[in-house]
Amino acid sequence: MTDRTPLMAGNWKMNCNHVEAAGLVQKLDWTLKDGHYDASKSECALIVPFTDIRTVQTLVEGDKIPMAYGAQDVSLYASGAYTGEISADMLAKLKCAYVVVGHSERRDYHGETDEIINAKAKVVLAAGMIPIVCCGEKLDIRKAGEQVPFVLAQVDICLAGLTAEQVASLVIAYEPVWAIGTGEVATPEDAQEVCGAIRERVAATFGAEAADKVRIQYGGSVKANNIVDIMAKPDVDGALVGGASLNADEFAKIVMFYAV
Ligand code: PEP
């Protein structure tokens, strides 16, 4: 079995201007150094607002901080008359490693469908970056016990037309919508049930090697006090963390979950 390095990605959402971003990156860096953070045991990534990316890049490169960074969304289009949009090439030029596509907030507030998310994942891959493809059910689906078929149907469309190599390289974030920003965390067993089913579906569609290599994150009210149990599950390869990633001490504990 491939040794999948867990990915702990902090999604800052629409928080932190570029001055605040610099402070948070530096505090996180000191805190991780203090804790003797070992990047071979868990990868740390910051998914920041567009206006923070250049600042984060300057700090990460200048101070040789062992952190990746990326964006929360991308345009479907390469360039031109798309006011307000940011292209994949613009993000790649800023050395973004990751781009989140299909976060539930984009689905809810901007009408993004699985088909759009599939197209965005392709745009991100074509620009040499790694998409973090989000999926997850709402509470009514969970209450009906339909979470596995619902999420697998999302995954089928979001990954349609990709090669096995592309799927092996990307990240899928399973984020039950009812657990995002609510304090309502899925149990480790809930997370494993769906993450395991996603890996099986990837194996069936793209082959055993892609399934073995693809990283599948859990997201939804992850905190320092619940990450260890979630990470103990075999098909959970990290976390997409919202609120808790805005606090350097809390996020550092999540990134260094392996040390507990
Ligand atoms: C998220 O933004 O993807 C998320 C999971 O948020 P939170 O950790 O705040 O629930």
Side-chain angles (χ1 to χ4, degrees), residues 6-16 20-21 24 28 42-50 52-53 56 67-74 96-110 112 114 117 120-121 124 130-139 141-142 147 151 154-155 158 170-188 190-195 198 215-231 233 235-257:
L7 174 63
M8 298 307 187
N11 172 19
W12 289 2
K13 311 195 189 201
M14 196 172 71
N15 294 293
C16 293
E20 293 162 338
L24 185 49
L28 183 58
S42 107
E43 185 183 347
C44 174
L46 301 177
I47 308 298
V48 304
F50 292 131
D52 294 352
I53 294 174
V56 173
M67 268 176 223
Y69 54 88
Q72 300 171 9
D73 185 36
V74 67
C96 285
Y98 295 99
V99 181
V100 168
V101 294
H103 191 278
S104 68
E105 289 150 18
R106 301 283 326 163
R107 291 174 181 264
D108 274 359
Y109 308 145
H110 301 275
E112 293 197 10
D114 293 326
I117 294 156
K120 288 191 172 183
V124 171
I130 299 172
I132 299 179
V133 180
C134 299
C135 55
E137 81 286 356
K138 290 193 173 169
L139 192 56
I141 303 281
R142 162 73 47 176
Q147 62 275 10
V151 171
Q154 288 184 319
V155 169
C158 291
L170 56 72
V171 179
I172 299 171
Y174 167 56
E175 300 206 297
V177 182
W178 49 271
I180 298 180
T182 59
E184 197 65 55
V185 64
T187 65
D190 291 336
Q192 170 58 29
E193 178 195 38
V194 181
C195 292
I198 293 172
R215 287 184 293 178
I216 304 175
Q217 296 177 306
Y218 167 78
S221 297
V222 166
K223 304 273 182 297
N225 65 11
N226 56 32
I227 188 64
V228 175
D229 290 342
I230 292 168
M231 288 305 296
K233 294 298 177 188
D235 288 303
V236 179
D237 306 316
L240 186 53
V241 183
S245 70
L246 295 169
N247 179 309
D249 291 320
E250 181 80 7
F251 190 53
K253 285 186 188 137
I254 294 170
V255 172
M256 292 192 291
F257 75 95

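As the structure lists them, so they are numbered: ligands from 1, and atoms in each ligand from 1.
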> Under the salt bridge (Lys or Arg N to Asp or Glu O under 4.0 Å) test, which residues partner Lys223, sequence neighbours left out?
Replying inline: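 Residues passing salt bridge (Lys or Arg N to Asp or Glu O under 4.0 Å) with Lys223: none at all.
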Side chains of [X] and [Y]: is there a donor and an acceptor less than 3.5 Å apart?
X      : Y      : value
Gln72  : Tyr98  : no
Gln217 : Glu175 : no
Tyr174 : Glu137 : yes

> Any idea which residues sit under 4.0 Å from ligand 1, heavy-atom distances?
Replying inline: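 These residues qualify: Asn11, Lys13, His103, Glu175, Ala179, Ile180, Gly181, Gly219, Gly220, Ser221, Leu240, Val241, Gly242, Gly243.
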> Can you name the nearest heavy-atom pair linking Ala45 to Leu7, along with the distance?
Replying inline: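 Scanning both residues, the minimum pair turns out to be CB-CD1, 3.9 Å.
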> Between Asn11 and Val48, is any pair of side-chain heavy atoms under 4.5 Å apart?
Replying inline: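 No, too far: nothing below the 4.5 Å cut-off.
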